[in-house]
Amino acid sequence: MIPKVRVRFAPSPTGGLHLGGVRTVLYNYLFARKYGGEFVLRIEDTDQSRFVEGAEDYIFNCLEWCGLVPDESPRHGGNYGPYRQSERKPQYREYAEKLVEKGYAYYAFDTPEDLEKMRNEFKTPENPSPQYDSKIRGKMRNSVTLGAEETAKLLEEGTRHVVRIKMPQEETVSFIDMIRGEVTFDTSLVDDKVLLKADGMPTYHLAVVVDDYLMKITHAFRGEEWLPSAPVHVLLWKYLFGLEAMPQWAHLPLILGPNGKLSKRDGAKYGFPVFAMNWTDPKTNELTEGFKEKGFLPEAFINLLALLGWNDGSEKELFTIEELIENFSMERVHSGGAKFDYEKAKWFNHEWIKKSDAAVLAPQVKQLLAENNISATDEMLLAVIDKVKDRCNLLPDFVQQAGFFFSNPTTWDTASVSPKWNEDKKNFFLTYINQLQSATDWSPVALETSFKEVATTAGIKPGELQLPFRVMLVGGKFGPPVFEIASILGKENTIQRIQKALEVF
RNA sequence: GGCCCGUUCGUCUAAGGGCUAGGACACCACCCUUUCACGGUGGUGAUACGGGUUCGAAUCCCGUACGGGCUACCA
């Protein structure tokens, strides 16, 4: 029987959720949905010193906004809980001790000062960062050097200690990565990573293996930055549960910023967001803007992230989440890192705004307008959104593109009008107002027809009058075709705007 | 420094030995439009380098260069 696909996303709740994290969630989610499996969210909070208030709530909010809701999590429950590693603390020690018993790990009593001393002592230009490895192991205070008796005594006395994996000498560890194929490591070159910390909490290395096993994870996806420690995890699987039970790994390529790996600390300093949603650091109160607040649609955000490192082999670029689920495959994930291109990201959003129904956009647009003290009437709003959404890349663009429909201009781009403004043109508009007063057909076509008739009668080229007309109605040189604007504005408001502008020009 | 991963237009990528290396974003030009967009047409622009293997290499192998990641009792 083929086991049911189970995947997990395991963030540490230490701050904002960035692009790469969301993409990892997305690939997990797509994979789980595609194969009818389950998507688990596990909180990796084994480092209590890095606990950040509100970070877990924030992660859930981001996932909800993205529409990537887990099947199992601290919030959603499930049969493999608890889903916070801090709440699973007791069981890790058991596995760590089992490893020590079998000779695959050992107790180490070195203090942080001892470690620092060791690093300084062995640091050379050729080896700037000495590792606690098989060569150094024999020179430190641990159960390998101290012997059974002394070790037992220290343990008895409650001496602070950690458990380290004893990396074997000159063994080759390899595994098949779903994206990269076979990856090979020489164990002699990997250090004796700490598995259980002095406070009794596991490190990531122990926790990820134990929990993936206990939670019956079948496929483990994570960022490429984990590749160097993969041999440790493979060995732990071998020692503890057997390689047959190990999930299939896929190490996702990194998403790069202008200067390498996009990290949480980069915030918005590149001129584009890196977090899914606004994040305020509770300690410094520093706010980092998110894609949501910047005006991205979640569908667009998901779409652009999916295509950053993956494609379906065709030239299709716009995908709904359903289409992504159907077409996704880990084998088609590109192995090289991808530099994030904000211009293209905006293009994706533009495309999604264009294909979204006005009714879907309406609540958000209304909110945005309200924030700018413009109250939009519902009757007009849908028509307006349909007219202007082609020219909006980000949601806030609607403020400029749609705002003038609901509030009369208070400033006018007179610089574009004045140079060619004259009495004849003013008279034209006076005449046109009269014409409009008695108009019964208020369609764009009718408005344009009468506009041209009056212009021709006055002996002025209609084209020369359109720009002033636009500035009268809009305030500036932007917006949809001018007669469509007038049509939506209605008779009273259109005439009112012309009269007002005539006083200013 | 060591280890690991990677390398096709400026950017994201297609082409799993075989036509003039395709598409998208961005950029430029033209068309449409007497605003700005949308749309349409066209254009500039890439296989890092050197060796092999092969009738034939972007594709397979080796080396070099470059880029990235890791090198914590962080994840």
Side-chain angles (χ1 to χ4, degrees), chain A residues 10-14 44-47 49-50 108 110-112 115-116 119 123-133 160-164 177 179-180 183-186 188-191 193-205 207-208 222-231 251 253-254 256 259-261 264 304 307-318 331-332 334-348 350 354 388-393 397 400-401 413 416 461-467 469-471 474 476-482 485:
Chain A
S12 62
T14 52
E44 304 246 350
D45 57 349
T46 54
D47 185 358
S49 69
R50 292 214 303 164
D110 317 277
T111 63
L115 294 174
E116 195 178 333
R119 289 193 187 104
K123 186 147 91 178
T124 61
E126 295 76 42
N127 183 12
S129 31
Q131 307 194 103
Y132 198 125
D133 58 15
R160 278 179 78 83
H161 63 278
V162 301
V163 175
R164 285 181 181 271
D177 186 276
I179 297 170
R180 290 149 219 282
V183 185
T184 304
F185 299 85
D186 177 354
S188 310
L189 300 166
V190 182
D191 62 333
K193 293 251 184 281
V194 170
L195 302 178
L196 198 71
K197 299 186 262 189
D199 64 2
M201 279 287 195
T203 58
Y204 172 84
H205 308 295
V208 71
R222 74 216 313 191
E224 190 187 343
E225 70 269 26
W226 290 106
L227 212 36
S229 54
H251 289 89
L254 264 14
L256 281 357
N259 319 305
K261 184 184 171 186
K264 294 185 173 186
L304 73 92
L307 271 282
L308 204 55
W310 172 86
N311 70 85
D312 74 343
S314 74
E315 285 172 358
K316 184 177 165 73
E317 294 199 279
L318 264 18
E331 289 72 22
R332 285 204 65 90
H334 195 77
S335 52
K339 198 176 287 183
F340 181 68
D341 180 357
Y342 189 49
E343 292 306 318
K344 182 118 188 199
K346 283 191 287 192
W347 174 79
F348 273 108
H350 187 196
K354 282 195 290 178
V388 306
K389 65 183 184 181
D390 279 1
R391 33 202 106 212
C392 297
N393 289 314
D397 293 345
Q400 185 187 52
Q401 295 296 337
D413 181 3
S416 303
K461 280 190 204 154
E464 290 186 27
L465 294 159
Q466 279 197 32
L467 185 64
F469 190 30
R470 165 176 301 281
V471 176
V474 176
K477 290 199 293 181
F478 55 90
V482 69
I485 295 173

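Any value given below was found using the heavy atoms of this structure, including those in side chains, with hydrogens, waters and symmetry copies removed. In the text below, chain A, chain B and the rest are named by the order of the sequence lines, each starting its count at 1.
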Would you mind reading off the distance between [X] atom [atom1] and [N] atom [atom2], rounded to a whole angstrom?
X	N	atom1	atom2	result
A:His334	B:U8	NE2	C1'	9 Å
A:Phe348	B:U11	CZ	C1'	12 Å
A:Lys346	B:U11	NZ	P	18 Å
A:Leu307	B:G23	CG	P	17 Å
A:Asn311	B:G22	CG	P	17 Å
A:Glu317	B:A26	CD	P	11 Å
A:Asp390	B:U33	CG	P	17 Å
A:Asp312	B:G23	CG	C1'	12 Å

What's [X] touching, base or sugar-phosphate or nothing? Going by heavy atoms closer than 4.0 Å.
X	answer
A:His251	nothing
A:Phe185	sugar-phosphate
A:Pro480	base
A:Arg222	nothing
A:Gly479	base
A:Pro128	base
A:Lys354	sugar-phosphate
A:Arg470	base
A:Gly476	nothing
A:Val183	sugar-phosphate

[N] to [M] separation - [atom1] atoms, rounded to the nearest Å:
N	M	atom1	result
B:G22	B:U54	P	30 Å
B:C32	B:U44	P	23 Å
B:A24	B:C9	C1'	12 Å

Q: List the protein contact pattern of nucleotides 62-75 of chain B with one symbol per nucleotide (5' to 3'): B for base contact, S for sugar-phosphate-only contact, - for none; contact means a heavy-atom distance under 4.0 Å.
A: ------SBSBSBBB

Q) On RNA chain B, nearest-nucleotide positions of A:Asp186 versus A:Phe478: which is more 5'? A)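 Final value for this comparison: A:Asp186.
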
Q) On RNA chain B, nearest-nucleotide positions of A:Glu126 versus A:Gln401: which is more 5'? A)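 In this pair, the answer is A:Glu126.
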
Looking at [atom1] of [X] and [atom2] of [Y], how far apart are the two atoms once the value is rounded to the nearest 0.5 Å?
X	Y	atom1	atom2	result
A:Asp110	A:His161	CG	NE2	12.0 Å
A:Arg391	A:His350	CZ	NE2	9.5 Å
A:Cys392	A:Gln401	SG	CD	5.0 Å
A:Asp341	A:Trp347	CG	CH2	11.5 Å

Q: Decide, yes or no, whether a salt bridge links A:Glu343 with A:Lys346 under the criterion of side-chain N to carboxylate O below 4.0 Å.
A: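 Looking at A:Glu343 and A:Lys346, the cut-off is met.
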
Q: Taking salt bridge (charged side-chain N to carboxylate O under 4.0 Å, His left out) as the test, write out the residues that go with A:Lys197, two or more places apart.
A: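 If we apply the salt bridge (charged side-chain N to carboxylate O under 4.0 Å, His left out) test to A:Lys197, skipping adjacent residues, there are no hits.
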
Q: Using only side-chain N and O atoms of A:Asn127, determine if any of them is under 4.0 Å from OP1 or OP2 of B:G2.
A: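 No, no such contact exists.
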
Under 3.5 Å for both donor-acceptor distances, Watson-Crick or wobble: does [N] have a partner, and if so which one?
N	value
B:C32	none
B:C27	B:G43
B:U54	none
B:A72	none
B:G67	B:C5

Q.
Tell me whether A:Lys316 at atom NZ has more than 12 heavy atoms from other residues, nucleotides or ligands lying less than 6.0 Å away.
A.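 Yes - once you tally the heavy atoms of other residues, nucleotides and ligands closer than 6.0 Å, there are more than 12.
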
Q | B:C19: syn or anti, per glycosidic angle within 90° of 0 | A |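 Anti for B:C19; the angle lies over 90° from 0.
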
Q. Which word best sums up how the rings of A:Tyr204 and A:Trp226 line up, parallel for under 30°, tilted for 30 to 60°, or perpendicular for over 60°?
A.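 Parallel.
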
(Q) Apply side chain to side chain contact (heavy atoms under 4.5 Å, CB included) to residues A:Arg222 and A:His251 and explain how you reach the verdict. (A) CA-CA 5 Å; A:Arg222 74 216 313 191; A:His251 289 89; 3.0 Å; yes

Q.
Would the base of B:A24 count as contacting A:Lys344 through its side chain, where contact means a donor and an acceptor less than 3.5 Å apart?
A.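 Checked by distance alone, the answer is yes.
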
